Amino acid sequence: MDLFDKISKNLGGPIGMHQKWSHGYFSFPKLEGEISAHMMFNGKEHLVWSLNNYLGLANHPEVRKADAQAAADYGMAYPMGARMMSGNTKYHESLEQGLAEFVGMEAGFLLNYGYQGMVSIIDTLVDRNDVIVYDAESHACIIDGVRLHMGKRYVYQHNDMESFEKQLERATKLTDQTGGGILVITEGVFGMSGAQGKLKEIVALKDKYNFRLLIDDAHGFGTMGSTGAGTHEEQDCIEGVDVYFGTFAKSMAGIGAFVAAKTDIVAYLRYNMRSQTFAKALPMPMVMGLHKRFELLKSKPELREKLWTVARTLQQGLKERGFDIGNTNTMVTPVFLKGDLYEATSLTRDLRENYSIFCSIVVYPVIPKGLIVLRLIPTATHSLEDVQRTLDAYSEVAQKLKDGVYKESNMALA
């Protein structure tokens, strides 16, 4: 079979037939003052539930002012070099130290990007004698980092502590022979399902097994815990986490990430992470803007409270209307439906074109055939009116799905 024929078969039809309904473009008007989750998509205003902006900082007036002032003061060129060469500034250092202290660690290191950062962290921490044990539903950046590992890696079933312990036993037997160590990797908040990683239960097993714990808390940093320090704060197990990874892309609506750990570990990472050692440092406008975002994250708990008010109202409303939202115990809100690929894309098209609601759709091959996931990401920019509008729209499209309106033979009726 021809390569493109295989791709077409996996899509369920001619290439592009379904995808043309899902793709489009956003335009960003010059917004001033009021922060909103309404944006222009394909020239039409949409209510968007797919924004990396948990705390509403993306268009916060103080953030916009800080970003603009930093761009005016420094331009995008500075600093002109990698951190270990000519790219270090006191502003980079003060930001990473502040972040580390906030999440309960000794030291921190800024990363240019979250995805590449996590890949490089894993690659740097382990060698061929070490064993990685990781959750089956880990983010793609973790999977890619694990793939680079030249030693053994064992995957355990998602959040399954019995499976986890079995893999720890296998890893321990192997490292007893190789003299290596064990690195356990999981997420604080799993971005697709909204479930928290079982950090406290994992940490408890340190009394029985010898391993180090790395957590990816991209969704948990700034949103979880009494102060927003992360999922390890939420579960009261900060001291059990050896390496903490957080991104700026979610709660801080920025670019980049950071890793935090004990001082000697961070020093080792600082000079051995190839993705950072050979990369230009974060530009000054981003660093200064991140300082302001971090300040607001800490000083305005009302933003986090608004996020959670929206999330809880949305999730409770969905459950009352009979929707399956899985086992989420965070703000991430998946809605599980049944239908084929054509129905999934038709439903999404209906939501976007006729209800002006934009959300992420997840279909095969990311999830099994016959399932549809519509993922909603609440933010502090959403209103309770937005929630009600979305609940009403979801009820209507769910009924259409049940009635077969979105089947290929009936699309003319949609």
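It should be emphasised that the depicted structure is a prediction, and the values quoted were computed from it without experimental measurement. Here, residue 1 is the first one in the sequence, and each next residue gets the next number.
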* Which residues satisfy the ring-ring contact (aromatic ring centres under 6.0 Å, His included) test with Phe221, sequence neighbours excluded? -> Phe258
Would you be so kind as to tabulate the donor-acceptor pairs closer than 3.5 Å made by side chains of residues 70-84, with sequence neighbours excluded?
{"unit_1": "Asp73", "atom_1": "OD1", "unit_2": "Gln69", "atom_2": "NE2", "d": "2.9"}
{"unit_1": "Asp73", "atom_1": "OD2", "unit_2": "Gln69", "atom_2": "NE2", "d": "3.4"}
{"unit_1": "Arg83", "atom_1": "NE", "unit_2": "Asn88", "atom_2": "OD1", "d": "2.8"}
{"unit_1": "Arg83", "atom_1": "NH1", "unit_2": "Glu96", "atom_2": "OE1", "d": "3.3"}
{"unit_1": "Arg83", "atom_1": "NH2", "unit_2": "Asn88", "atom_2": "OD1", "d": "2.8"}
{"unit_1": "Arg83", "atom_1": "NH2", "unit_2": "Glu96", "atom_2": "OE2", "d": "3.0"}

* Evaluate whether atom CZ of Arg321 has more than 12 neighbouring non-hydrogen atoms of other residues, nucleotides or ligands under 6.0 angstrom away. => yes
* Any salt bridge (Lys or Arg N to Asp or Glu O under 4.0 Å) pairs touching residues 279-296, not counting sequence neighbours? -> Glu62-Lys292, Asp67-Arg293, Lys292-Glu295
* Is it true that Glu165 and Lys208 have a side-chain N and a carboxylate O under 4.0 angstrom from each other? -> yes
* Asked: If you look only at pairs with a residue in residues 123-140, which of them pass as a salt bridge (Lys or Arg N to Asp or Glu O under 4.0 Å), with sequence neighbours excluded?
  -> none
* Asked: In chain order, what residues pass the salt bridge (charged side-chain N to carboxylate O under 4.0 Å, His left out) check against Glu233, with sequence neighbours excluded?
  -> none
* Contacts of type salt bridge (charged side-chain N to carboxylate O under 4.0 Å, His left out), residue Asp144, not counting sequence neighbours -> Arg147
* **Option among Leu214, Ile132, Val131, Ile121 that satisfies the side chain to side chain contact (heavy atoms under 4.5 Å, CB included) test with Val126** => Ile132
* Heavy-atom count around Tyr154 OH within 6.0 Å, excluding the residue itself: above 12? -> yes
* Would you please name every residue forming a side-chain hydrogen bond (donor to acceptor under 3.5 Å, both in side chains) with Tyr91, sequence neighbours left out? => none
* Whether over 12 other heavy atoms sit under 6.0 Å from Arg153 CZ -> yes
* Structure fact -> In short, side chain to side chain donor-acceptor pair (under 3.5 Å) pairs touching residues 189-201 with sequence neighbours left out are Gln196-Gln235
* To do: Applying side-chain hydrogen bond (donor to acceptor under 3.5 Å, both in side chains), name anything that partners Tyr244, two or more places apart in sequence or on another chain.
  => Asp217
* For Lys206, what residues pass the salt bridge (charged side-chain N to carboxylate O under 4.0 Å, His left out) criterion, not counting sequence neighbours? -> Asp242
* Asked: Among all residues two or more places apart in sequence or in another chain, which pass the ring-ring contact (aromatic ring centres under 6.0 Å, His included) test with Tyr134?
  -> none
Counting only pairs under 3.5 Å, give me each side-chain donor-acceptor contact of residues 101-111, with atom names and distances, residues two or more places apart or in other chains.
{"unit_1": "Glu101", "atom_1": "OE2", "unit_2": "Gln97", "atom_2": "NE2", "d": "3.3"}
{"unit_1": "Glu106", "atom_1": "OE1", "unit_2": "Thr263", "atom_2": "N", "d": "3.0"}
{"unit_1": "Glu106", "atom_1": "OE1", "unit_2": "Thr263", "atom_2": "OG1", "d": "3.1"}

* Where do Asp350 and Tyr406 land on the side chain to side chain donor-acceptor pair (under 3.5 Å) test, with the steps shown first? -> CA-CA 9 Å; Asp350 194 15; Tyr406 298 126; 2.6 Å; yes
* Ring centroid separation His139 to Phe190 under 6.0 Å -> no
